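Written out below as structure tokens is the structure these notes cover.
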Amino acid sequence: PPSAATGEFARLLRSAEEGDGKAQLQVAGLYRAGRGVTRDEAQSLRWYRAAAEKGIAEAQFELGKAYDTALGGPRDPFEAVRWYRLAAQQGYGRAQYNLGSMHGNGEGVPVDYLRAYMWFSISEATLSGAPREAARNAKAQAAQLMMPDDISRALQMAQRCLTSAYQNCD
């Protein structure tokens with residue numbers, strides 16, 4: 001029944017307004033999808049930002065994606081990279097993949113195939129299924145633009161990043 005969905009949304013919204021980051025993430029997703037509430041990109045972004053600022057990796061990724069794709073505002077690749085990096089440093093595979101793409105395409109950062117390859121390698125290690133396959137393919141494409149020495153350097157960088165729990169990635 002709609003009243004139950006509305007009641008659930010009201011409870012989540014109350015928790016979000018009280019500063020619960022997980023609730024903020026859920027409210028953002030509900031606003032984006034229009035589930036239990038009217039679809040509203042601005043509200044969705046507002047709640048993704050609140051959760052992202054609390055350090056929630058999935059929210060940081062979604063906020064990065066919003067800046068990357070101009071969802072609810074102008075496209076800002078620099079902000080996209082900033083939020084992707086924060087999520088990537090928490091081991092969020094989709095953000096690691098997107099960060100690789102940003103480096104490979106020179107969006108928000110200079111073109112850097114070494115870092116693109118590094119982030120694709122890392123995302124390949126953290127993702128599974130079709131996303132892992134996409135990371136493997138992206139890594140292969142980056143490799144075609146690199147010298148063998150650069151590939152081994154990128155692999156060493158990826159290893160250092162992974163073994164440092166994402167603290168030594170740049």
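Bear in mind that the values here come from a model prediction, so they are computed numbers and not experimental data.
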Qualifying residues under salt bridge (charged side-chain N to carboxylate O under 4.0 Å, His left out), relative to E58, sequence neighbours excluded: none
Going by ring pair (Phe, Tyr, Trp, His ring centres under 6.0 Å), name the residues that satisfy it together with Y92, two or more places apart in sequence or in a different chain. F61
Please list all pairs passing the side-chain hydrogen bond (donor to acceptor under 3.5 Å, both in side chains) test where one or both residues lie in residues 156-169, with sequence neighbours left out. none
Are V27 and Y48 in one and the same hydrophobic cluster, where Ile, Leu, Val, Met, Phe, Trp and Tyr link if side-chain heavy atoms are under 4.5 Å apart? no
With L45, which residues qualify under side chain to side chain contact (heavy atoms under 4.5 Å, CB included), at least two apart? L63, A66
Side chain to side chain contact (heavy atoms under 4.5 Å, CB included) filter on R132, not counting sequence neighbours, yields E124, L127, R136
In the hydrophobic clustering that connects Ile, Leu, Val, Met, Phe, Trp and Tyr at side-chain heavy-atom distances below 4.5 Å, which members other than M147 occupy its cluster, ordered by chain and number? none
Could you pull out all residues at least two apart from Q141 that satisfy side chain to side chain contact (heavy atoms under 4.5 Å, CB included)? none
Set of residues satisfying ring pair (Phe, Tyr, Trp, His ring centres under 6.0 Å) with respect to F120, sequence neighbours excluded: Y97
Would you sort out whether R75 and D68 count as a side chain to side chain contact (heavy atoms under 4.5 Å, CB included), showing the intermediate values? CA-CA 6 Å; R75 183 163 191 269; D68 195 3; 2.8 Å; yes
Under a 4.0 Å threshold between the charged nitrogen and the carboxylate oxygen, would E79 count as salt-bridged to R82? yes
What pairs meet the disulfide (SG to SG under 2.5 Å) rule with one or both residues in residues 123-170, with sequence neighbours excluded? C161-C169
My understanding is that only residues two or more places apart in sequence, or in another chain, count here; which of them pass side chain to side chain contact (heavy atoms under 4.5 Å, CB included) with V37? F9, L30, Y31
With D76 via salt bridge (charged side-chain N to carboxylate O under 4.0 Å, His left out) - residues at least two apart: none
Does anything in residues 141-151 form a salt bridge (Lys or Arg N to Asp or Glu O under 4.0 Å)? List the pairs, not counting sequence neighbours. D150-R153
